[in-house]
Engineer: 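This is the structure I have questions about; it appears just below.
Here the structure is a predicted model, which means the values were calculated and not measured.
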Amino acid sequence: MRYVFGVPGEETVDLNESLSRSSIAFVPVRHEQAAAFMADAYGRLTGRAGVCLATLGPGATNLMTGVADAFLDRAPVVVLTGQGDLERMHKESHQYIDVLEIMRPITKWNARVGDPAIIPEVVRKAFKVAEAEKPGSTHIKLPEDVMAADAQGGPLARRTSAHPTRRPRTSLAPPSSSAMPSTRSPSPATVRSAVER
């Protein structure tokens, strides 16, 4: 992962601070929908999962159109949404929405992280499922208190899939001319000789 597209918020500040100390670039956008579409485009062009981030409530729901597009068009995308503390989830809390239920129909897989010890495993699964055969969107809900806790471990090595995946385009240039039939215009002499016949 090289980029995370998103809108920072109070519930995701710990994640944003961690990203600022890593090799992953956070790309801020003006609207969460733009973050989802940017992650979608990144996934389509590279074959690797694009990542988008939003905070809880309306921020998470603003991702819906871009996430649904990635799901329907088979683009690998990993969606990260912030959430209030674990103890607030069963109460009527400000801007709390059950994002897992909302994302269920438009993701291949989604989960809530309840313990910092399982973060590497959950993140790996989200990327693996998003990039597997028939790519699509996955979602991880990250409660504020879990993101604030210390997590042990580092990045996990990327494993190769047993299933073939789409090959990423290495260039946006058109295929080489040797693979395409010649489309050159005939020379003036060729045109003259054809007309004279």
Engineer: To the nearest 0.5 Å, how far apart are CD in E144 and CD in Q83?
Structural biologist: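 Result: 9.5 Å between the selected atoms.
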
Engineer: For A49, does its backbone N or O pair with a side-chain atom of E131 as donor and acceptor, under 3.5 Å?
Structural biologist: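 Flag set: sc E131 to bb A49 pair under 3.5 Å.
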
Engineer: Could you see if M64 belongs to whatever hydrophobic cluster contains F5? Use Ile, Leu, Val, Met, Phe, Trp, Tyr and a side-chain cutoff under 4.5 Å.
Structural biologist: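 M64 and F5: separate clusters.
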
Engineer: Can you list every pair that meets ring pair (Phe, Tyr, Trp, His ring centres under 6.0 Å) and has a residue in residues 51-77, with sequence neighbours left out?
Structural biologist: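 For residues 51-77, and leaving out neighbouring residues, there are no ring pair (Phe, Tyr, Trp, His ring centres under 6.0 Å) pairs at all.
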
Engineer: Give me the atom names and distance for the closest heavy-atom approach of V7 to T12.
Structural biologist: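 Between these two residues, the closest heavy atoms are O-OG1, 4.5 Å.
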
Engineer: Could you report the tightest heavy-atom contact between G59 and A54, atom names first, then the distance?
Structural biologist: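 For G59 versus A54, the nearest heavy atoms are O-CB, 3.4 Å.
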
Engineer: Report the distance from atom CZ of R48 to atom OH of Y42, rounding to the nearest 0.5 Å.
Structural biologist: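 Answer for the CZ-OH pair, R48 versus Y42, is 8.0 Å.
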
Engineer: Under the rule for side-chain hydrogen bond (donor to acceptor under 3.5 Å, both in side chains), what residues qualify as partners of R104, not counting sequence neighbours?
Structural biologist: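 Result, side-chain hydrogen bond (donor to acceptor under 3.5 Å, both in side chains) vs R104: E101.
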
Engineer: Could you pull out all residues at least two apart from I24 that satisfy side-chain contact (heavy atoms from CB on, under 4.5 Å)?
Structural biologist: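 I24 satisfies side-chain contact (heavy atoms from CB on, under 4.5 Å) with M1, V4, L19, S22 only.
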
Engineer: Apply salt bridge (Lys or Arg N to Asp or Glu O under 4.0 Å) to R74 and D69, showing your working.
Structural biologist: CA-CA 8 Å; R74 302 289 182 201; D69 186 60; over 6 Å; no

Engineer: Report yes or no: does K108 contribute a side-chain atom to a donor-acceptor pair with the main-chain N or O of H139 at less than 3.5 Å?
Structural biologist: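 Not at all, since once roles are kept as given, no pair shorter than 3.5 Å links the two residues.
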
Engineer: Provide the closest heavy-atom pair for A60 versus T81 in the form atom of the first, atom of the second, distance.
Structural biologist: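 Distance-wise, the nearest heavy atoms are CB-CG2, 3.8 Å.
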
Engineer: Are I97 and V79 joined in one hydrophobic group, where the rule is that I, L, V, M, F, W and Y side chains link up if heavy atoms are under 4.5 Å apart?
Structural biologist: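 In one cluster: yes.
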
Engineer: Please name the pair of heavy atoms, one in G66 and one in D40, separated by the smallest distance, quoted to 0.1 Å.
Structural biologist: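 It is O-OD2, 4.3 Å.
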
Engineer: I'd like to know if V146 and L100 are part of one continuous hydrophobic network [Ile/Leu/Val/Met/Phe/Trp/Tyr, side-chain heavy atoms within less than 4.5 Å].
Structural biologist: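 Cluster IDs for L100 and V146 differ.
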
Engineer: Specify the closest pair of heavy atoms between I102 and P105, including all atoms of both residues, with the distance to one decimal.
Structural biologist: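 So the minimum-distance heavy-atom pair works out to O-CD, 3.4 Å.
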
Engineer: Search all heavy atoms of V77 against all heavy atoms of A70 and return the closest pair with its distance.
Structural biologist: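 Of all heavy-atom pairs spanning V77 and A70, the closest is CG2-CB, 3.6 Å.
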
Engineer: Can you find a pair of side-chain heavy atoms, one from F26 and one from V51, that are under 4.5 Å apart?
Structural biologist: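 Sidechains of V51 and F26: no contact.
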
Engineer: Can you tell me if T107 uses its side chain to pair, donor with acceptor, with the backbone of M103 under 3.5 Å?
Structural biologist: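 Confirmed, T107 side chain pairs with M103 backbone.
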
Engineer: Could you go through V113 and K141, starting from their C-alpha distance and side-chain angles, then the distance that decides it, and tell me whether this counts as side chain to side chain contact (heavy atoms under 4.5 Å, CB included)?
Structural biologist: CA-CA 6 Å; V113 176; K141 181 164 97 171; over 6 Å; no

Engineer: Quick one: CG on L142 to OG1 on T55, what's the gap to the nearest 0.5 Å?
Structural biologist: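 One gets 10.5 Å once the value is rounded to the nearest 0.5 Å.
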
Engineer: Tabulate below the donor-acceptor pairs under 3.5 Å that side-chain atoms of residues 28-37 make, not counting sequence neighbours, or state none.
Structural biologist:
from, atom 1, to, atom 2, distance (Å)
H31, ND1, Q33, N, 3.0
E32, OE1, N62, ND2, 2.9
Q33, NE2, T65, OG1, 3.3

Engineer: Could you give the distance from NZ (K125) to CD1 (I140), rounded to the nearest 0.5 Å?
Structural biologist: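 Interatomic distance, K125 NZ to I140 CD1, rounded to 0.5 Å: 11.0 Å.
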
Engineer: Rounded to the nearest 0.5 Å, how far apart are CG of L63 and SG of C52?
Structural biologist: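 Result: 5.0 Å between the selected atoms.
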
Engineer: Please list, chain by chain and in numerical order, all residues satisfying side-chain hydrogen bond (donor to acceptor under 3.5 Å, both in side chains) with T138, sequence neighbours excluded.
Structural biologist: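 side-chain hydrogen bond (donor to acceptor under 3.5 Å, both in side chains) check on T138 returns nothing, list empty.
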
Engineer: Side chain of D115, backbone of A117: donor and acceptor closer than 3.5 Å?
Structural biologist: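 Side chain of D115 to backbone of A117, a donor-acceptor pair under 3.5 Å: yes, one is there.
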
Engineer: Flag yes if V123 and I118 sit in one hydrophobic cluster, no otherwise; membership is Ile, Leu, Val, Met, Phe, Trp, Tyr, and two members link when side-chain heavy atoms are under 4.5 Å apart.
Structural biologist: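 Cluster IDs for V123 and I118 match.
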
Engineer: Under the rule for side-chain hydrogen bond (donor to acceptor under 3.5 Å, both in side chains), what residues qualify as partners of E10, not counting sequence neighbours?
Structural biologist: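 Listed in chain order: nothing, the list is empty.
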
Engineer: Find out if a path of hydrophobic residues (ILVMFWY) with successive side-chain heavy-atom gaps under 4.5 Å connects L53 to I119.
Structural biologist: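 Yes; tracing contacts between hydrophobic side chains, which count when under 4.5 Å, links both residues.
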
